[in-house]
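The analysis underlying the following values was restricted to heavy atoms, covering all of them including side chains, and did not include hydrogens, waters or symmetry mates.
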Amino acid sequence: MISIGRMFAIGLVFMLGTAGWMILGTASDERSMATRYDLGRSVSALWGQPLTQLPPAITTRRPGAPSRTRVAPSRAKLSADLELQHRRKGLLWFATYAVQFQGRYEITNRGPVRQRYQVSFTLPDRDATYVGVQVRVDDELKDARPRADGTLVVDVIVPPASARTAEFRYQTRGLDEWRYRPGHGRVALPELDVDVQTNFSEVDFPDGGLSPMQNAPLPASDGAAGGGRHLRWHARDLLTSRDIAVRMPQRLNPGPVAARMSYFAPVGLLFFFVALAGITVVRALDIHPVHYLFVTAGFFAFHLLFAYLVDVLPLYGAFAAAAVVSLTLVLAYLRAALGRGFPLAAGGGAQAVYLVLFSWSFFLPGSTGLTVTIGAVATLAVLMALTAKTDWGRVFRPKPAGGGSGVGSNSSAGQAPPRDAEPPLELDVELPDGA
């Protein structure tokens with residue numbers, strides 16, 4: 001029989017467990033944020049910032065003009081090789097990459113006299129370290145004049161009715177994403193041709209970016225293990241205000257994953273409480289609120305262990321170790337407390353679904369909601385099948401007077417005598433006649 005007092009006590013246990021998980025989730029979030037702030041600066045110092053490459057500023061002085069006029073290249077052909085290498089600092093993974101950039105800009109003089117153009121190439125991050133910086137004009141290496149702001153300047157003399165090419169190349173390192181911005185605001189380009197090769201296949205594009213016209217796999221020999229991608233943006237008479245951008249794939253960060261698991265843990269515990277109540281009703285087991293308290297502690301042990309094991313073990317190794325410990329604690333305790341009448345297979349299966357599987361869904365972005373939905377429907381179906389013929393009136397019937405509230409009561413009124421109690425003593429006494 002289930003009393004209102006016992007249900008209230010179980011509710012208090014659930015609220016206590018929820019409070020513990022909220023505290024653990026907040027602590028994991030704080031650890032991750034502190035790590036990101038402190039280590040993010042050191043990673044940026046080593047590997048730079050997200051890079052945005054701008055086109056060169058091409059200017060000329062027209063005869064009789066009071067100031068220099070900015071002109072657009074008649075053709076821009078660019079290439080970038082992105083080599084991703086994730087690096088871990090503390091509880092976080094950072095998507096660092098090396099980039100080899102080359103930009104060729106064709107300058108056309110349609111006038112009747114030769115024209116001098118000044119081409120200023122701007123590096124994407126003035127504080128970054130660059131290797132192999134070169135400026136060429138028609139494949140001839142030039143000694144570009146560096147400015148204080150980090151730009152490289154070269155003069156290009158173009159004969160009348162002809163074109164010359166200014167080329168700019170370098171190697172450097174960046175973080176999270178790489179961009180090429182065709183210009184400031186909305187720009188018109190006669191022709192733009194951008195080739196990007198990656199050593200990773202999970203290519204993502206930031207919101208507001210210009211989608212590639214070609215997205216094809218690279219042969220495994222040209223990219224990373226499993227092949228990379230070849231991305232191409234090619235358009236004539238282009239009018240756009242969008243960037244060409246590639247976002248590096250992110251690895252799961254242990255800290256944020258542990259925090260999300262902790263915040264979500266009460267949902268799995270609630271499902272397990274419902275399944276446990278169904279088992280006790282079907283098997284006619286007497287389970288006390290204190291049993292629920294220890295079960296909650298066993299569930300909490302999983303998230304507590306996982307949150308701190310990820311500091312010293314790989315992500316999946318920490319998950320497996322925490323899951324084994326929690327399953328062992330809960331199932332061993334329930335068997336010891338409730339005896340052989342408690343079905344280990346049913347209890348272990350419920351914990352495997354509501355704790356392990358629900359937590360594992362956080363490793364698969366976008367699948368958590370679907371996993372919970374399937375688990376809820378499956379739980380409902382099993383409980384409906386098992387309890388269809390249960391006499392719920394008997395289950396919730398109040399105990400006889402003097403039987404206690406059922407919560408912390410030591411009274412045995414209304415209950416069957418213990419199985420190991422001795423039978424009452426029977427005396428065979430002959431009474432005299434007439435007694």
Side-chain angles (χ1 to χ4, degrees), residues 51-63 65 67-82 99-126 128-172 174 178-197 210 231-245:
L51 299 179
T52 299
Q53 178 62 58
L54 298 174
I58 305 175
T59 60
T60 186
R61 186 180 296 277
R62 306 291 185 186
S67 61
R68 301 187 69 87
T69 303
R70 186 161 183 164
V71 298
S74 55
R75 187 170 185 261
K77 183 174 178 58
L78 321 169
S79 67
D81 291 340
L82 303 178
V99 57
Q100 182 173 340
F101 177 80
Q102 177 180 339
R104 295 174 61 89
Y105 299 88
E106 186 177 274
I107 306 170
T108 301
N109 178 15
R110 296 181 173 86
V113 296
R114 74 172 189 170
Q115 194 73 38
R116 179 186 294 270
Y117 295 89
Q118 186 180 84
V119 184
S120 301
F121 293 104
T122 302
L123 297 170
D125 183 1
R126 60 181 301 176
T129 300
Y130 296 88
V131 177
V133 179
Q134 293 183 359
V135 176
R136 295 172 177 268
V137 176
D138 288 344
D139 295 327
E140 180 183 350
L141 185 63
K142 295 293 185 178
D143 185 13
R145 305 187 304 274
R147 289 180 175 175
D149 59 0
T151 59
L152 301 173
V153 182
V154 66
D155 290 332
V156 180
I157 300 176
V158 185
S162 61
R164 300 191 70 183
T165 299
E167 181 182 327
F168 175 50
R169 62 175 66 178
Y170 62 82
Q171 298 178 36
T172 189
W178 178 86
R179 289 176 176 265
Y180 179 79
R181 183 162 297 161
H184 298 282
R186 195 168 183 84
V187 295
L189 300 174
E191 184 177 0
L192 179 65
D193 190 356
V194 180
D195 273 296
V196 175
Q197 291 190 7
L210 188 64
L231 312 172
R232 189 183 185 196
W233 292 259
H234 185 205
R236 297 179 184 274
D237 299 322
L238 179 65
L239 182 64
T240 185
S241 59
R242 297 188 177 188
D243 292 349
I244 293 170

Less than 4.5 Å apart, side chain to side chain, heavy atoms only: is that true for T165 and V137? no
Closest non-hydrogen atom pair between D125 and Y130, with its separation: O-OH, 2.6 Å
Between D81 and F101, is the side chain to side chain contact (heavy atoms under 4.5 Å, CB included) condition met? List the steps. CA-CA 7 Å; D81 291 340; F101 177 80; over 6 Å; no
Can you tell me how far OG1 of T151 sits from CG of L54, rounded to the nearest 0.5 angstrom? 11.5 Å
Under 3.5 Å: donor-acceptor pair, side chain of T172, backbone of T129: yes
Taking W233 for its side chain and L210 for its backbone only, find out whether a donor-acceptor pair lies under 3.5 Å. yes
Which pair of heavy atoms, one from P160 and one from G111, lies closest together, and at what distance? CB-O, 3.3 Å
Straight-line distance of R186 CZ to T240 OG1, nearest 0.5 Å: 6.5 Å
Check for a donor-acceptor pair, side chain of Q53 on one end and backbone N or O of T122 on the other, with a separation under 3.5 Å. yes
Evaluate the side-chain proximity of V135 to E140: yes if any heavy-atom separation is below 4.5 Å, no if none is. no
In terms of ring plane angle, is the pair Y105 and F121 parallel, tilted or perpendicular, where the classes change at 30° and 60°? tilted
Among side-chain atoms of Q134 and R136, is any donor-acceptor pair under 3.5 angstrom? yes
Kindly compute the distance separating CZ (R75) from CG (L189), expressed to the nearest 0.5 Å. 12.5 Å
Flag, side chain of R116 to backbone of T60, donor-acceptor distance under 3.5 Å: no
Might you point out which heavy atoms bring R164 and P159 nearest each other, and give the distance in Å? CD-CD, 4.2 Å
Point-to-point distance, once rounded to the nearest 0.5 Å, from OG of S79 to CZ of R104: 9.5 Å
Applying side chain to side chain contact (heavy atoms under 4.5 Å, CB included) to Q118 and I58, what does each step give before you reach the verdict? CA-CA 6 Å; Q118 186 180 84; I58 305 175; over 6 Å; no
Ignoring hydrogens and angles, state whether a donor on the side chain of R179 or T52 is under 3.5 Å from an acceptor on the partner side chain. no
Sub-4.5 Å side-chain heavy-atom contact between Y117 and I157: no
Pair E106-S74, side-chain donor/acceptor within less than 3.5 Å: yes
Look at the side chain of N109 and the backbone N and O of A161, then say whether any donor-acceptor pair between them is shorter than 3.5 Å. no
Report yes if the side chains of H234 and E191 come closer than 4.5 Å at any heavy-atom pair, otherwise no. yes
Side chains of D193 and D195, heavy atoms from C-beta outward: is any pair under 4.5 Å? yes
What is the distance from atom NZ of K77 to atom CD of Q102, rounded to the nearest 0.5 Å? 9.0 Å
Between atom CG of L192 and atom CG of L78, what is the distance when rounded to the nearest 0.5 Å? 6.0 Å
Parallel under 30°, tilted from 30 to 60°, perpendicular over 60°: which one fits the rings of F168 and Y170? tilted
Look only at the side chain of R68 and the backbone of T59, and say whether a donor-acceptor pair between them is shorter than 3.5 Å. yes
